[in-house]
Amino acid sequence: MFTFATKTFGCQMNVADDDEIARQLVARGGVQVTDVNLADLILVNTCVVREKAEDKAFSFIGALKPLKQKGELSAKLKVDEPKVHGALSAVDGGIARNSIEPKIVVFGCLVPKSGDLVEKKFPYVDLLVKTSEPTIVLSELENVFTFPQVKGGFEMTVLVDGERKGALESCTEASSGETSPTEEFPSLMETRHSALVTVLRGCNHVCSFCIVPRVRGRETSVPIREVVKQVKFFRSAGFNDVTLLGQNILSYGSDYNFDPNFVDLIDAVLMQTDVPWLSYLTSHPYDLNDEIISKVVANPRITPILHLPVQAGSERILALMRRKYTVKEYLEKVEKARKARDDLFLTTDIIVGFPGETREEFEETLKLAKEVRFNDAFMFAFSPRKGTLAARYSDPQSRLEKKVWLNELILLQREISQEVNAKYIGKVLPAIVEVKRDKFSIARTAFNKPVEIPSTRKNPGEFTNVRINEVVVSSFKGVEV
Ligand code: SAM
Ligand code: F3S
């Protein structure tokens, strides 16, 4: 037996990787703990998409230093809650670390970007891995950590419990002071009974603001049979909701000349599994074509979520961002998607204060938000990322000014979300129970929004039906029917 703790920064793809790593460690006799003082292994999965995310990773790794010097930390450091249930249950009580000091492993996007700096600043880190891909992290881990011999090895043999607490800072989450209107019931967003399956790693787009292609490399698709195997595994573990992940998921298969492509992937998952709710993230507007709209967006077996990051409402800024679509094209695609599906739940990402963006250009973004009326949006102040093209553009606008603009957009979007989502009041919707407490429960709709309901008899992960009584921006209150 050995103990481990994980800390996840970044997008849902990082969450998916850490879930898988934790599962494999449990299969090897590991017990996940929430106190780093009890851990033989500490795994830190990093994110560099914006400066704040990177700063957080640095400060977390720095805070681990006393563990190596004195063997323990006096202050509590927040790490991920256990999510994996197996033969060994993940609890802290009565568990101690085997080793005198833990092994610290830092992996993910920070390593290709600033690995040398991490090594210099934190010489006590035992292992740096340039990717968060579970097979690679686990195999590199064997260079610094000796696993006890456990029958079954790295096979996926343990059950998974999707309930997860702890802040999961997604790329499209309010991790850097920016906010999303979904924050009305913040604690409600912290648990999920949904499985994440990565289907495409890397990104072939070269948006001028984005560091992802540099740190994650070119697109590589996970073979369909492997995706189907994983979805089946999650189904057998009781999951009713699976989200397929890729930074740029619509170009699934680009490394196989699109044979198979994204539509083939979805067809295969739907044909070979009985997953009730299937979602996909993130859709680049450039890659959203008529075939995808008619066969995937419109498919009633797919959840109504379409996350279609627009980034800006000005043609000039979109071109500078190298997004490869115009505002007009974006609007046309939205119109087609809405025609194909009247319950479409449309969300987006917007960057405010791209280098050189003027007040007038920012107002075009406000105009676009008013015109499209997104159900929800994730809004960020531009964060210069060294190594990207945009970091070299001159940027006369002050940070303060950008913050003011960002707040203006956030306020506008909150109003829009409130109005758009009010249409659900009085509707009865299927939902999956996420959290069950004595006084209240939380269920999640097919469009991934929490509904607070009075206590339910159902268990987390099970379906129920809820009637929506109240909407607060894009969170809901209702009753079970
Ligand atoms: N693949 C997605 C797409 O099609 O746009 C986006 C993935 S990106 C990792 C997630 C979001 O982070 C982006 O949509 C963008 O809004 C935001 N983002 C990325 N780089 C950023 C930067 N340098 N500053 C601020 N926000 C950024
Ligand atoms: Fe980044 Fe653009 Fe790809 S935002 S992840 S380079 S689509």
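Atoms considered below: every heavy atom in the structure, side chains included; atoms not considered: hydrogens, waters and symmetry mates. Since we're looking at a predicted model, the values are computed, not measured. Counting starts at 1 for both ligands and their atoms, following the listed order.
Put simply, part of R323 is less than 4.0 Å from ligand 1, judged by heavy atoms. Residue contacts with ligand 1: A381 is included, with a non-hydrogen atom under 4.0 Å away.
Close N/O approach between T282 and ligand 1 is not found [any backbone or side-chain N/O within under 3.5 Å].
Using a 4.5 Å heavy-atom threshold, the side chains of Q32 and T6 count as touching. Within the 4.5 Å cutoff, no side-chain heavy atoms of T220 are placed close to those of L200.
A side chain to side chain contact (heavy atoms under 4.5 Å, CB included) with P309 holds for exactly one of T347, I350, I351, T282; it is T282.
Ring centers of F476 and Y424: under 6.0 Å apart, within the cut-off. Taking the six-membered ring where the residue is Trp, the centroids of Y280 and F262 are separated by under 6.0 Å. Remark: aromatic rings of Y286 and Y325 are distant, center separation not under 6.0 Å.
Contact annotation: for S383 versus ligand 1, heavy atoms closer than 4.0 Å belong to both the backbone and the side chain. Residue contacts with ligand 1, taken as heavy atom pairs separated by less than 4.0 Å, involve F209 via backbone and side-chain atoms alike. Residue-level proximity to ligand 1 for R50 is carried by the side chain, the only part with a heavy atom below 4.0 angstrom.
In this structure, ligand 2 sits under 4.0 Å from heavy atoms belonging to C203, H205, C207, F209, C210, V212, P213, Q247, H284, R323.
With respect to R399 and E51, a salt bridge is recorded, a charged nitrogen being found less than 4.0 Å from a carboxylate O.
Figure legend: R385 and F209 shown without cation-pi pairing, the cationic atom not lying both under 6.0 angstrom from the six-membered ring centre and within 45 degrees of its axis. A cation-pi geometry, defined here as NZ or CZ lying under 6.0 Å from the six-membered ring centre and within 45° of its normal, does not hold between K328 and Y330.
Checked against salt bridge (Lys or Arg N to Asp or Glu O under 4.0 Å), K121 has no partners two or more places apart in sequence or in another chain.
Proximity annotation for atom 15 (C) of ligand 1: of M13, R385, Q311, Q311 comes nearest, heavy atoms only.
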Tell me, with the steps shown, if V105 and L141 meet side chain to side chain contact (heavy atoms under 4.5 Å, CB included). CA-CA 8 Å; V105 182; L141 203 50; 3.5 Å; yes
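Numbered from 1 in the order shown, with element, the atoms of ligand 1 that lie under 4.0 Å from a heavy atom of Q247 read 1 (N), 2 (C), 7 (C), 9 (C). Atom numbering of ligand 1 starts at 1 in the shown order; those under 4.0 Å from a heavy atom of V212 are 9 (C). Here is the list of ligand 1 atoms found below 4.0 Å of a heavy atom in D349: 10 (C), 11 (C), 13 (C), 14 (O), 16 (O). Taking every non-hydrogen atom of H284 and a distance limit under 4.0 Å, the qualifying atoms of ligand 1 come out as 4 (O). Taking every non-hydrogen atom of F382 and a distance limit under 4.0 Å, the qualifying atoms of ligand 1 come out as 24 (N), 25 (C).
The aromatic rings of F58 and F122 are tilted relative to each other, their planes meeting at an angle between 30° and 60°.
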